[in-house]
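So the structure is just underneath, and the comments pick up after that.
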Amino acid sequence: MKKYVVTGGAGFIGSALVRALLARKDGAVEVIDNLLTGKKSNLAEVASRVVLHEIDIRDYTAIAGVIAGADTVFHLAAIPSVPRSITDPVPSHEVNIDGTFNVLRASAEGKARKLVYAASSAAYGDTDVLPKVETMPPNPKSPYAAQKLLGEYYCGVFSSCFGLDATSLRFFNVYGPRQDPDSPYSGVLSLFMRCLLERRPPTIHGDGEQTRDFTYVEDVVSLVIQASRAPGTAGKVYNAGNGGRYSLNRIWSILQGFEGVNIPPLYGPSRAGDVRDSQADTTTAVRELGHAPAFTIEDGLRRTLEWYRAAN
Ligand code: UD1
């Protein structure tokens with residue numbers, strides 16, 4: 001029986017990946033998560049089919065035992081926030097850089113067949129041209145972006161120097177069920193969902209005309225699994241986005257339309273380290289990984305909203 005290890009598997013994206021792997025029924029799934037931002041409840045109905053190791057990727061010895069003998073390691077564990085990496089940079093650095101090094105080292109020494117790394121579109125920073133394509137020079141604007149970029153470089157080096165077949169996917173603003181709206185560092189759409197259901201105005205940082213390639217979690221999960229099986233991708237970096245671009249003002253307007261309400265947002269100062277615009281060129285991921293995003297923004301937003309409504 002193959003073993004799949006998902007670091008960060010109790011998180012929002014990780015738990016969706018765990019469900020998708022279980023649905024394929026071709027391997028055992030083990031999760032490494034320190035429950036800092038992940039939650040046991042994210043795995044509630046699949047808990048009996050998953051081994052959850054409550055350990056921290058900063059602890060090499062602890063994770064090496066779990067990763068040894070894995071077929072595929074999906075490395076999603078991170079402190080995933082741009083502002084948090086500025087207000088509290090040390091843990092963010094230790095988890096995202098030292099922890100990533102530990103996961104790569106454990107995967108190489110444990111002879112994993114494949115590693116897929118959750119990199120970030122934040123690595124691009126602000127570019128003159130959109131959409132953002134993998135051949136553009138990276139230009140990180142925050143510690144988080146720099147950390148995620150270094151993880152890509154390490155995936156490349158582990159592929160060339162240590163024989164680990166590691167592929168990086170640059171996630172673009174993933175949203176969907178189970179994204180946690182309870183932290184000051186929560187992803188913007190989880191906060192929008194909660195505000196909409198509570199009929200409260202969201203706070204928008206800046207003028208709301210910044211854009212993001214909001215990507216539904218199930219599309220990202222499908223791509224992660226495809227990347228784990230595509231040949232010839234060692235050391236490579238691919239965009240994992242939908243290819244669209246929506247301003248925060250536009251998203252809030254779509255959401256209000258769903259509910260037939262009119263709630264003007266509050267506007268505050270722009271956030272340090274924020275990228276202005278983000279949009280993925282998906283050409284290479286489509287060609288080399290078979291990327292085929294299936295959810296329009298309206299579909300994804302509706303499904304997400306219904307999940308939050310039911311969860312409340
Ligand atoms: C997000 C992810 C990051 C990922 C990156 C890839 C989260 C928490 N962060 O970063 O892990 O690597 O995409 O592109 O999922 N905003 C508001 N009001 C709020 C909160 C945010 O206006 O209450 C704004 C922000 O200033 C920003 C935009 O919404 O302009 C998106 O912010 P956020 O959801 O934190 O994501 P990113 O910083 O883009």
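Both counts, for ligands and for their atoms, begin at 1 and track the order of listing. The structure presented is a predicted model; accordingly, all values stated were derived computationally and were not measured.
Close contacts between ligand 1 and Gly187 involve ligand atoms 8 (C), 15 (O), 34 (O) [criterion: under 4.0 Å to a heavy atom]. Residue contact check: Phe171 has heavy atoms under 4.0 Å from atoms 6 (C), 14 (O) of ligand 1. The atoms of ligand 1 that sit less than 4.0 Å from any heavy atom of Thr203 are 17 (C), 18 (N), 19 (C), 22 (O), 23 (O). Residue Gln179 approaches ligand 1 through these ligand atoms, each under 4.0 Å from one of its heavy atoms: 15 (O). Atoms of ligand 1 found under 4.0 Å from any heavy atom of Ser120, numbered from 1 in the order shown, are 4 (C), 5 (C), 6 (C), 12 (O).
Of all protein heavy atoms, the one closest to atom 32 (O) of ligand 1 is Arg271 NH2, 3.5 Å. Scanning all protein heavy atoms for the shortest distance to atom 34 (O) of ligand 1 gives Val188 N, 2.7 Å. For atom 24 (C) of ligand 1, the nearest non-hydrogen atom of the protein is Leu248 CD1, 3.6 Å. Closest to atom 39 (O) of ligand 1, if we only count protein heavy atoms, is Arg212 NE, 2.8 Å. Nearest protein heavy-atom contact of atom 16 (N) of ligand 1 is His205 CD2, 3.4 Å.
A distance of 11.0 Å separates CD in Gln179 from CG in Asn42, rounded to the nearest 0.5 Å. To the nearest 0.5 Å, atoms CD (Glu109) and OH (Tyr60) are separated by 3.5 Å.
Annotation: side chain of Ile63 is not in contact with side chain of Asp59 (no heavy-atom distance under 4.5 Å). Phe258 is listed as a side-chain neighbour of Leu301, based on a closest heavy-atom distance under 4.5 Å. The closest side-chain heavy-atom distance from His291 to Pro293 is below 4.5 Å.
Applying the salt bridge (Lys or Arg N to Asp or Glu O under 4.0 Å) definition to pairs two or more places apart or across chains, those involving residues 149-167 are Lys114-Asp165, Glu152-Arg170.
In this structure, Phe74 and Tyr4 have tilted ring planes: the angle between them lies in the 30° to 60° band. By the 30° and 60° cut-offs, the orientation of the rings of Phe192 relative to Trp252 is perpendicular.
In terms of polar-atom proximity, Asn173 is counted as a contact of ligand 1, with an N or O under 3.5 Å from an N or O of the ligand. At least one N or O atom of Asp274 sits closer than 3.5 Å to an N or O atom of ligand 1. On a distance-only criterion, Ser121 and ligand 1 share at least one N/O pair closer than 3.5 Å. In terms of N/O distances under 3.5 Å, ligand 1 is not approached by Tyr185.
The proximity of Lys148 to ligand 1, defined as any non-hydrogen pair under 4.0 Å, does not occur for either the backbone or the side chain. Residue contacts with ligand 1 for Gln210 involve side-chain atoms from C-beta outward but no N, CA, C or O (heavy atoms, distance under 4.0 Å). In Pro80, the parts holding a heavy atom less than 4.0 Å from any atom of ligand 1 are both the side chain and the backbone.
When the salt bridge (charged side-chain N to carboxylate O under 4.0 Å, His left out) test is applied to Asp180, the partners found at least two apart in sequence or on another chain are Lys39.
Using a non-hydrogen distance threshold of 4.0 Å, Phe192 does not register as a contact of ligand 1.
Remark: Arg212 fails to qualify as a cation-pi partner of Phe172 under the 6.0 Å distance and 45° angle criteria applied to the six-membered ring.
Each of Leu104, Leu115, Ile32 was scored for a side chain to side chain contact (heavy atoms under 4.5 Å, CB included) with Ile67, with one residue passing: Ile32.
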